[in-house]
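The block underneath contains the structure these notes are about, expressed in structure tokens.
Starting from 1, each residue takes its place in the sequence as its number.
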Amino acid sequence: MDKSFEPGQIEPKWYAQWEAAGAFKPHGNGNPYCILLPPPNVTGTLHMGHAFQQTIMDALCRYQRMRGSRTLWQGGTDHAGIATQKIVENQLAAQGKTRHDLGREKFIERVWDWKQESGSTISNQMRRLGASIDWSRERFTMDEGLSAAVRRVFVQWYRDGLLYRGRRLVNWDPVLMTAVSDLEVNSEEKDGSLWSIRYPASDGGEGLVVATTRPETMLGDVAVAVHPDDERYQALIGKTLRLPLTDREIPVIADSYVEREFGTGCVKITPAHDFNDYQVWQRHVDSGVFDSLPSRGLLSILDKQARILGEEAAPATKKHSLDQAAEAAYAQLEIRALIPTKYWGKSTKDARKEIVADLEALGLLVETKKHKLQVPISQRTDAVIEPMLTDQWFLDLTSETRVDGKPGPGGRKAITEPALEAVRGGAIRFVPENWSSTYTQWLDNIQDWCVSRQLWWGHRIPAWFDEAGNIFVGEDEADALAHAEVEPVGALRQDEDVLDTWFSSALWPFSTMGWPAMGAVSENGHVVADWSQDQAFIPSAVLVTGFDIIFFWVARMVMATQYFTGKVPFREVYINAIVRDAEGQKMSKSKGNTIDPLDLIDGIDLESLVRKSTASLLIPQVREKVEKRIRKDYPDGIAAVGTDAMRFTFAALATYGRTINFDLKRAEGYKNFCNKLWNAARFVLMNVESTEPGTALPATAAEQWILSRLAATLDEIETQFATYRFDLVAQALYEFVWNDYCDWFLELSKPALNGGDAEAVSSTRHTLMRVLEAILRALHPITPFITEEIWHNVAPRLGISGDSVAQRPYPRSVEFTPGVDARAVADIEWLKSVLGEVRRIRSEMNIAPGKQIPLLFARGSAGDRPRIERFAGQIAFLARTESQRWLADGEQEPASASAIVGELRVLIPLAGLIDLDAEKARLGKEIKRVEGEIVKCNGKLGNATFVANAPAAVVEQERQRLADFTTTLNGLLEQLGRL
């Protein structure tokens, strides 16, 4: 082995060998164990959240492979409809073109070309992390096999009366001109205004005053609502008001949605542009109050670019032969006629200014005051999201019966309730458990899912319209016609929309396994799945994901997988924490506190880091702020720590908390851990020059002790892996490797290695190697690269053959307990205590480590004298003593530095070694510490509640602590008195 650990030299070598050998494919006949990678966007690059999440998944997969499971880590990428289309459209914009210049077919070809060029970036970055994904099965949500699954699911749900097309309110991005999901909308606090506007009564009375933050939408008002119990407005309920700036009259309605205490207690109702107003409209539409208006009061006054309807609002076409989309366009003509022409075509911002000015001129603007409001902002474009009334496809999740009127269960019974029961009944378990309530609360209050998007990149909806507006759904046009219930009128045209990206990813648990094909599925010339065999991996063992997509992905996978396979998609859902910076701040490029995992692995100099972090920041003030922060936080850039140290850091931080704070100093500390392991391995290998044959039983107490500690550590690891407490797995490994093996056992082995007992020499060498090999196996799931490198140097000397440490079984405690004697283990713990106290005195009194010292023993229990005799050689070697002896009966103790181990007094005579005054000060400090501990013990034992309620063992433990501290204090006081 090289003198120093250089991760950059070993990591690429081993990953290439693992992948070439097919090491990540499912092997053997063990129980199937599967983890599904949450498919990252094909547009994406690796960030700290990915690195953290994938470290956890990889550790689980490597651990289960070594435990004999037939393990599959199913990977792949998501086509990311909106994000990918936006990237390619931006490329076209740089050339002065739009997608419409290319046309749909050519544009999609352009996207595929871009995907081939850039789409593997994140997959290659994952390899740098050591992710043991079966790359031979890598899937892409637009692959033909997965696309076939999407079509089958859409068609089946439609034919089962669970998918429908309707005109409903959705979140609308006016820049992308598509509906978007709630997940793609951020709520941001903005400075705004609250305008109070008078709506005069139709009979000439004063009417009502309405407060609104969006005066421009009043052009689409259909009512003013008051609370039914508000005495102030009882006389006006059922009367009409004159809508300012228009010639329309609108009713006053009563609805409990209105908060009487907020504002004036009067709310304008604009159902086509507000989700709450839409619900109010639904409750009152059947009363007939809106029948005189177009679309029964759903007055959508904005076009798809969020402008007031203008000249180009809709073509003047006949109404009797249109599909739903054309019907809506025709309705826009009727709505536009209700809008004063001066506002036509205005943006919402410009229309607001004009409307406020016009209201003020008419004396109807009662008040304007500043107001903080939450504004929905598109994650993709930073545009203000508009609630928009559009024709969309919806998956029914709320109805008791089929939406097509045929006999059968609706979405509530067929999809939503089974998904709820999966968690409530225990088929799926959340870890931590509290997230199950988040899941169930959302499903209890779920709305129908808008599955359509107005994009070109994505799975095109398999539906066709004829010239009469009839809908035909099938996996292709021929299938649609074969299942048609009416004869088509004229030519068919396919729906222009695509499906929500979450629709295809909801099928990920079974579409990646080959469904709906019954045999092998090939992509790019090789088999990637076979449903007849791979359905054994459903349900997968655990889904590792973030809490932010419990609704949008986790719940929908449960819905789809149960409906189409009859199984839950996974048995457990581990909700990992969100990675924040060292101060607990959210990582953000605009803050300059993001860390590229690869920069941590490989290192990066300061100037390169500054350039990289500011390259995409266009606002000069933000760039200056970010550069200043980076130069302050990383004055020397980021030092390379290697993949293993970064992974160990993630594991050590992986608690059940909602967030973890990533500190570079922790990563540097775990690089030291890797170095410690490397140097320990070099020491062992230098002392074991050839293959060491195993011995029946360990020959020394030190060997028995380290085997006992190893067994206990492995039991702890097994317990914590089962509960996903990766932090406690890392802690157990760290403490055993650093403290037990490196700090103690290597030292305890030296007397044997340097002694004349041939059996002890051989046995100790074998145990050094045997335990080291077990350490490498135990660490491998978290630190795969360094363990593989060292293992190939260790295994041959133990007579172990194989291509990889990963092919060895994960170590278990039963391998190491035979031959371990409890008395020998207790002896070593005693020896450690004696040596530890001697080392402490040396350190505190500044006695040079190499200086030989005399050692005296006094008092002690019956077992101390034989122990000192047995371990005299080890004490002499490890404590650097020139002599050891017991004080004779009646012999006066010399002035000494002392320590107490149980009843044994360990004395280092001070003459010629230390300053007496310094020793007095040390003893005084120690006396003060022990007295403090005694006060704590007395405080607990003097508390009647503690004594009455604490477990008896805990109370007894506290009493024993008090007795031990009292004995120690008496000895210290006695020693101080002698000085």
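Residue K304 qualifies as open at atom NZ: its count of foreign heavy atoms under 6.0 Å is 12 or below. Around atom CD of E105, no more than 12 heavy atoms belonging to other residues, nucleotides or ligands sit under 6.0 Å away.
In this structure, a donor-acceptor pair under 3.5 Å is absent between the side chains of T512 and Q74. If you check the side chains of D160 and Q156, you find a donor sitting under 3.5 Å from an acceptor. When only modelled atom types and interatomic distance are considered, R159 and H483 share a side-chain donor-acceptor pair under 3.5 Å. When only modelled atom types and interatomic distance are considered, H273 and D277 share no side-chain donor-acceptor pair under 3.5 Å. Side-chain contact of T381 with S378: a donor-acceptor pair under 3.5 Å is present, judged by distance alone. Judged by distance alone, the side chains of Q91 and Q95 never bring a donor and an acceptor atom under 3.5 Å apart.
A salt bridge links R99 to E89: at least one charged side-chain nitrogen sits closer than 4.0 Å to a carboxylate oxygen. A salt bridge links D534 with R137: at least one charged nitrogen is closer than 4.0 Å to a carboxylate oxygen. A salt bridge does not link E109 with R104: none of the charged nitrogens is closer than 4.0 Å to a carboxylate oxygen. With respect to E485 and K406, a salt bridge is recorded, a charged nitrogen being found less than 4.0 Å from a carboxylate O. Between K25 and D134, none of the side-chain N atoms (NZ, or NE/NH1/NH2) sits under 4.0 Å from a carboxylate O, so this pair counts as no salt bridge. The pair K106-D101 does not meet the salt-bridge criterion, since no charged nitrogen lies less than 4.0 angstrom from a carboxylate oxygen.
In this structure, the ring of Y164 has its center no less than 6.0 angstrom from the ring center of W449.
For T77 (side chain) and V42 (main-chain N/O), no donor-acceptor pair under 3.5 Å exists by modelled atom type.
The shortest side-chain heavy-atom distance between P488 and F472 falls under the 4.5 Å cut-off. Looking at heavy atoms from C-beta onward, V153 lies out of side-chain contact with Y158 at the 4.5 angstrom threshold. Side-chain contact between V558 and I428 is present, with heavy atoms from C-beta onward closer than 4.5 Å.
Under the 30°/60° scheme for interplanar angles, the aromatic rings of F551 and W442 are found to lie parallel. Between W157 and F503, the two ring planes are perpendicular [angle over 60°; tilted spans 30° to 60°]. In this structure, F547 and W435 have parallel ring planes: the angle between them is below the 30° cut-off, well short of the 60° mark.
Of the listed residues (W515, W531, F154), just one forms a ring pair (Phe, Tyr, Trp, His ring centres under 6.0 Å) with F564, and that residue is W515.
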Derivation of the side chain to side chain contact (heavy atoms under 4.5 Å, CB included) call for S399 and K413: CA-CA 8 Å; S399 303; K413 288 189 173 296; over 6 Å; no
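Within the cation-pi definition used here (under 6.0 Å to the ring centroid, within 45° of the axis), R110 does not qualify as a partner of W457. Seen from the ring of W464, R493 does not count as a face-on cation partner, given the 6.0 Å and 45° thresholds. Both the sub-6.0 Å distance and the 45° axial angle are not jointly satisfied by R165 relative to the ring of F394.
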